[in-house]
2 protein chains.
Amino acid sequence: MTTPTPSRALDHPPRDAIRLEGVLHALSDPMRLRIVRSLAAAEEELSCSLFDLPVSKSTTTHHFRVLRESGVINQCYRGTAKLNGLRRDDLDALFPGLLDSLLRAAALQADRLREG
Amino acid sequence: MTTPTPSRALDHPPRDAIRLEGVLHALSDPMRLRIVRSLAAAEEELSCSLFDLPVSKSTTTHHFRVLRESGVINQCYRGTAKLNGLRRDDLDALFPGLLDSLLRAAALQADRLREG
DNA sequence: CCCGTACTACGATGCCTATCGTACGAGCTG
DNA sequence: CAGCTCGTACGATAGGCATCGTAGTACGGG
């Protein structure tokens, strides 16, 4: 093979097709916001199975797809695993500072709700 | 009367009840994002009737209610008019820098899409 | 007191979506 | 090959939501 291990291809929207409304919609779901926070905390790509979400596997797959199709994350197969990473470069280029503000807001709210 | 012109009361979530997910959901709709951008541009409160949205009046009412109930705007009656204003103080206190990042992102995207 | 303006309430409709379970495919590992 | 793990596809379901039209309420002005 000429290609390393691309296996099945996954459709990602090009940078120009990413829409703010779509990104906000993707992040307005608690599960997806949680996923994105974990991805931002980890400095490497994470496989879907590392996330222990309180929903079924089907639903988890659904949420990752929404995040990919809205342009928030990129996904690639690596063997049987599927690696997920934030599209930081694209998001920062389109919406400078937004991702960091969102992550900071999410962290502040998590602290606030945890401590009361 | 002791009160100026409160007329009918409108329920607003207190600052502590505002949730990031709710704010993002509210802003993920193109009509509502448009409303919020207009409110941010105007330095005063605007009545609903000043917005010329491509939807019916019923739908406009619906969008303003979603914005109010998510904590993004405050509304008060003034005669027959209903004045709308961003809850900047509350949002900035809860999520520092987020509102400005969102407005900037929306402006950049609007420019990008307009000029192509 | 009547009318016009501004907004609302309500019901209907059609679409979107979060969730699940089950059955399946793709790739490693023995 | 056999079996395991990871993730997908599909169908079902229930609830949410953006939209509309119509009918109605609240308020200010003549």
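Naming convention: chains lettered A, B, ... in sequence-line order (proteins, then strands); numbering from 1 in each chain.
With B:Glu45 as the partner, the side-chain contact (heavy atoms from CB on, under 4.5 Å) test is satisfied by one option alone out of B:Asn74, B:Ile73, B:Leu39: B:Asn74. Across A:Leu83, A:Asp11, A:Asn84, a single residue satisfies side-chain contact (heavy atoms from CB on, under 4.5 Å) together with A:Gln75, and that is A:Asn84.
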Do nucleotides 16-25 of chain C as a string where each nucleotide becomes B, S or -: B if the base has a protein heavy atom under 4.0 Å, S if just the sugar-phosphate does, - if no protein is that close. -SSBBBB---

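Side-chain contact between A:His25 and A:Ser70: absent, with no pair of heavy atoms (C-beta onward) separated by less than 4.5 Å. In this structure the side chain of B:Glu21 never reaches within 4.5 angstrom of the side chain of B:Leu24, judged on heavy atoms. A heavy-atom distance below 4.5 Å is found between the side chains of B:Arg87 and B:Ile18.
A distance-only check finds no donor-acceptor pair linking the side chain of A:Arg19 to the backbone of A:Gly71 [under 3.5 Å].
Residues satisfying the side-chain hydrogen bond (donor to acceptor under 3.5 Å, both in side chains) test with A:Thr59, not counting sequence neighbours, are A:Ser56.
Whole-Å rounding puts the A:Lys82 NZ to C:dG27 P distance at 13 Å. Computed from coordinates, the B:Tyr77 OH to C:dC7 C1' distance equals 6 Å when rounded to whole Å. For the pair B:Leu10 CG and D:dT25 C1', the computed distance is 14 Å after rounding to whole Å. Rounding to whole angstrom units, CZ of residue A:Arg78 and C1' of C:dC28 are separated by 14 Å. Between B:Arg65 atom CZ and C:dA6 atom P there is a gap of 20 Å when expressed in whole angstrom units. In this structure, CG of B:Asp52 is placed 13 Å from P of C:dC7, rounded to the nearest angstrom. Across the protein-nucleic acid pair, B:Leu24 atom CG and D:dC17 atom P stand 14 Å apart, rounded to whole Å. Between A:Leu53 atom CG and D:dG7 atom P the separation is 12 Å, expressed in whole Å.
Using a 4.0 Å cutoff on non-hydrogen atoms, no part of residues 34-46 of chain B comes near DNA chain D.
With D:dA26, C:dC7, C:dA26 as the candidates, the nucleotide lying closest to the side chain of B:Thr80 is D:dA26.
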Could you go step by step and tell me if A:Val55 and A:Thr60 meet the side-chain contact (heavy atoms from CB on, under 4.5 Å) rule? CA-CA 7 Å; A:Val55 291; A:Thr60 300; 3.6 Å; yes

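OP1 or OP2 of C:dC7 has at least one side-chain nitrogen or oxygen of B:Ser49 nearer than 4.0 Å.
Remark: B:Arg88 engages B:Asp100 in a salt bridge, criterion side-chain N to carboxylate O under 4.0 Å.
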